[in-house]
Amino acid sequence: MQNIKEYLNKHKDRFISELITLLKMPSVSADPAFTQDVLNTADAVKLALEEAGCDLVEIHETNGYPIVYGEKIINTELPTVLVYGHYDVQPPDPLGLWDSPPFEPVIKETELHPDGAIFARGACDDKGQMYMHVKALEFMIKTDQLPCNVKFMIEGEEEVGSANLGLFVAANKEKLKNDVILISDTGMIANDVPSITTGLRGLSYVEVEVTGPNRDLHSGLYGGAVANPINILAKMIASLHDENNHITIPGFYDRVEELSKEERAEMAKAPFSLEAYKKALNINAVYGEKGYSTNERNSIRPTLDVNGIWGGYIGEGAKTVIGAKAYAKISMRLVPNQDWKEITQLFKTHFESIAPEGVTVKVTPHHGGQAYVTPIDHIGYKAAAKAYETTFGKPPVPQRGGGSIPIVALFEKELESKTILMGFGLDSDAIHSPNEHFGIWNYLKGIETIPYFYENFVALQS
Ligand code: BES
Ligand code: MN
Ligand code: MN
């Protein structure tokens, strides 16, 4: 029987060029200007699953973008792996900061990717990582080594909150029935430090609007005498953290899961260089909640960040004006046991309560989701860890991630199965940023590792 390394050597050029073709499709789910491109990308994913050897592939329409479902059922007595991924991507802006156009993929070497990396929006998040699963499936089917059943569910609205996927999952529990869910949409520590993400943070995303006078005012005629919504908003936002960088919203920490000393000591063993971290971001100091390390701040602790703020005059030159309104978009990353709807309500009540006289405040919730944790004694985790040991030559480090894939907690609730997060990206791959890229080595390593997960998972069942 052919092994995966031989198969990769023979087909890797095609695997790379197929991914490049997918990356040329600008499937930006947030921007209606790309509607047709997003729909075309769903069709391309459908075709890819058919070509890989699925015996059923369907496009499920939703109120938003379609969900591509594919399956290969070899024996209903055998376990079933459900693969989830997303074919939509973040908007590419700011376009001016890209070294090459976001939807014209190029391969370039970088310090961390001496074998080259594909630069394009979606290269790592999540087309490249999703496509590893399609190619691993192709290998297992074409060489007659698929050891169990497999289902694929690839959505087109992850980057905008997966509003329709939850409905699809709830309505199709039997169809999606599985023994474990497998996702590659996270990262790992370094190419020589394999790690598996064992947790995701929850999210509450809100937009706030502060309204002052009924029209924009001359900042000389009215300045100093009327509440300036931008000044007020800045003050209100600043008050959301105290001098220790704790969040000041009453009740915010009430349900936060505190880790034991032992667990924190275990976490601190993961290789990490603060110097390298600062150097990579060109900052002279890190910043965050007192009493926690950088790795704790970005994984096991909840946060509140302004993602965008605007109002008044931001055009060329100077205009003397007091804008009638000011706005901000705010995200809160949540940890296990915090409930995103409750946190959204706590934020709303607090933010409205701190508004001074002279302005009115409106808080509009966007989307959110719960945090998630994978127990490392789950057989899916063990199967993954063993797969990494085979292909990386060393065991992976379990590591809580800071990002969110809100649908994962919903999978657990609706489908009653755990998710294993086998991410192969690096933090420096610039997801959501200009010059997003994915290492060729990482792409091929992912394709190489995934079939071992299947083999181990089936073997560990009995
Ligand atoms: N793939 C990311 C999430 C991620 C990346 C988790 C790296 C862990 C490590 C996903 O596509 C994403 O961007 N999620 C959003 C939330 C979503 C509701 C827009 C996020 O985390 O901001
Ligand atoms: Mn993603
Ligand atoms: Mn993303």
Side-chain angles (χ1 to χ4, degrees), residues 22-23 27-31 38 41 45 64-65 83-93 102 120-133 153-166 182-190 195-207 295 298-300 302-308 329-335 340 343-344 365-374 398-411 419-434 436-438 442 446:
L22 197 61
L23 290 169
S27 50
V28 181
S29 51
D31 184 347
V38 185
T41 310
V45 172
Y65 288 118
V83 176
Y84 162 84
H86 61 96
Y87 64 81
D88 64 321
V89 301
Q90 283 280 327
D93 340 36
R121 171 57 84 232
C124 179
D125 183 11
D126 179 43
K127 284 175 178 164
Q129 298 215 72
M130 175 271 286
Y131 208 66
M132 297 180 318
H133 288 269
M153 176 169 65
I154 312 297
E155 72 154 318
E157 296 184 301
E158 196 277 342
E159 298 292 8
V160 289
S162 304
N164 295 293
L165 186 67
L182 191 56
I183 302 181
S184 294
D185 193 21
T186 54
M188 59 179 190
I189 296 175
S195 64
I196 296 180
T197 304
T198 53
L200 295 164
R201 285 196 284 194
L203 180 70
S204 164
Y205 200 106
V206 299
E207 185 164 327
N295 270 341
N298 68 25
S299 65
I300 60 162
T303 61
L304 183 153
D305 277 293
V306 179
N307 292 239
K329 290 182 193 279
I330 296 175
S331 68
M332 288 163 277
R333 297 285 169 170
L334 310 176
V335 298
W340 77 271
I343 292 292
T344 304
H366 268 272
H367 52 71
Q370 310 295 70
Y372 172 78
V373 176
T374 309
Q399 203 195 33
R400 293 265 199 111
S404 309
I405 310 177
I407 205 71
V408 172
L410 196 129
F411 289 158
T419 292
I420 310 303
L421 298 154
M422 290 175 55
F424 292 90
L426 301 181
D427 283 356
S428 52
D429 287 347
I431 64 172
H432 294 205
S433 284
E436 175 178 354
H437 54 280
F438 189 36
N442 301 66

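Order of appearance sets the numbers: ligands from 1, and atoms from 1 within every ligand. A quick note: this is a predicted structure, and the numbers were derived from the prediction, not measured.
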Student: How far apart are the C-alpha atoms of Leu200 and Ser404, what are their side-chain angles, what is the distance that settles it, and do they pass the side chain to side chain contact (heavy atoms under 4.5 Å, CB included) test?
Tutor: CA-CA 5 Å; Leu200 295 164; Ser404 309; 5.6 Å; no
Student: Which residue and non-hydrogen atom of the protein lie closest to atom 15 (C) of ligand 1, and at what distance in Å?
Tutor: Ser404 O, 3.6 Å
Student: May I ask you to check whether Lys127 and Thr41 show a side-chain donor-acceptor distance below 3.5 Å?
Tutor: no
Student: Is His86 close enough that one of its N/O/S atoms sits under 2.8 Å from the Mn ion (ligand 3)?
Tutor: no
Student: Do the side chain of Arg121 and the main chain of Ser433 share a donor and acceptor less than 3.5 angstrom apart?
Tutor: yes
Student: Just wondering, more than 12 heavy atoms not from Asp427 lying within 6.0 Å of its CG?
Tutor: no
Student: With a 3.5 Å distance limit and no angle check, can you tell me whether Glu157 reaches the backbone of Tyr65 through a side-chain donor-acceptor pair?
Tutor: yes
Student: Kindly indicate whether the side chain of Arg201, heavy atoms from C-beta on, has any atom under 4.5 Å from the side chain of Leu334.
Tutor: no
Student: Run the numbers for me: atoms of ligand 1, each under 4.0 Å from some heavy atom of His86, listed by number.
Tutor: 11 (O)
Student: So, taking the atom named OG1 in Thr419 and the one named OH in Tyr84, what distance separates them when rounded to the nearest 0.5 Å?
Tutor: 10.0 Å
Student: Could you check whether any heavy atom of His432 sits closer than 4.0 Å to an atom of ligand 1, since that is the contact criterion I want to use?
Tutor: yes
Student: Could you tell me whether some N/O pair between Gln90 and ligand 1 is separated by less than 3.5 angstrom?
Tutor: no
Student: Quick check: closest heavy atoms across Gly425 and Cys124, and the distance to 0.1 Å?
Tutor: CA-SG, 3.7 Å
Student: Would Ile431 count as a contact of ligand 1 if the rule is a heavy atom under 4.0 Å away?
Tutor: yes
Student: Is there a polar contact between ligand 1 and Thr186, counting only N or O atoms under 3.5 Å apart?
Tutor: no
Student: Do me a favour and list the nearest non-hydrogen protein atom to atom 4 (C) of ligand 1 with residue, atom name and distance?
Tutor: Asp185 O, 3.5 Å
Student: Mind checking whether Gly403 has a heavy atom under 4.0 Å from ligand 1?
Tutor: yes
Student: Among the N/O/S atoms of Asp125, which is closest to the Mn ion (ligand 2)? Give the atom name.
Tutor: OD1
Student: Taking the Mn ion (ligand 3) as the reference point, name the nearest N/O/S atom of Glu159.
Tutor: OE2
Student: Hey, are the side chains of Tyr131 and Val45 touching, using non-hydrogen atoms and a 4.5 Å cut-off?
Tutor: no
Student: Around atom 22 (O) of ligand 1, find the nearest protein heavy atom and jot down its residue, atom name and distance.
Tutor: Arg333 NH2, 2.7 Å
Student: Quick check on the Mn ion (ligand 2): does Asp126 put an N/O/S atom closer than 2.8 Å to it?
Tutor: no
Student: Give a yes/no verdict on whether any heavy atom in Asp126 is under 4.0 Å from an atom of ligand 1.
Tutor: no
Student: May I ask you to test the Asp125-His86 pair for a side-chain heavy-atom distance under 4.5 Å?
Tutor: yes
Student: What residue and atom, counting heavy atoms only, is the protein's closest point to atom 17 (C) of ligand 1, and at what distance?
Tutor: Glu158 O, 3.7 Å
Student: For ligand 1, note which part of Pro406 has a heavy atom under 4.0 Å away: side chain, backbone, both or neither.
Tutor: side chain
Student: How far does CD1 of Ile183 sit from CG of Asp126, to the nearest 0.5 angstrom?
Tutor: 8.5 Å
Student: What about His367: any of its N or O atoms under 3.5 Å from an N or O on ligand 1?
Tutor: no
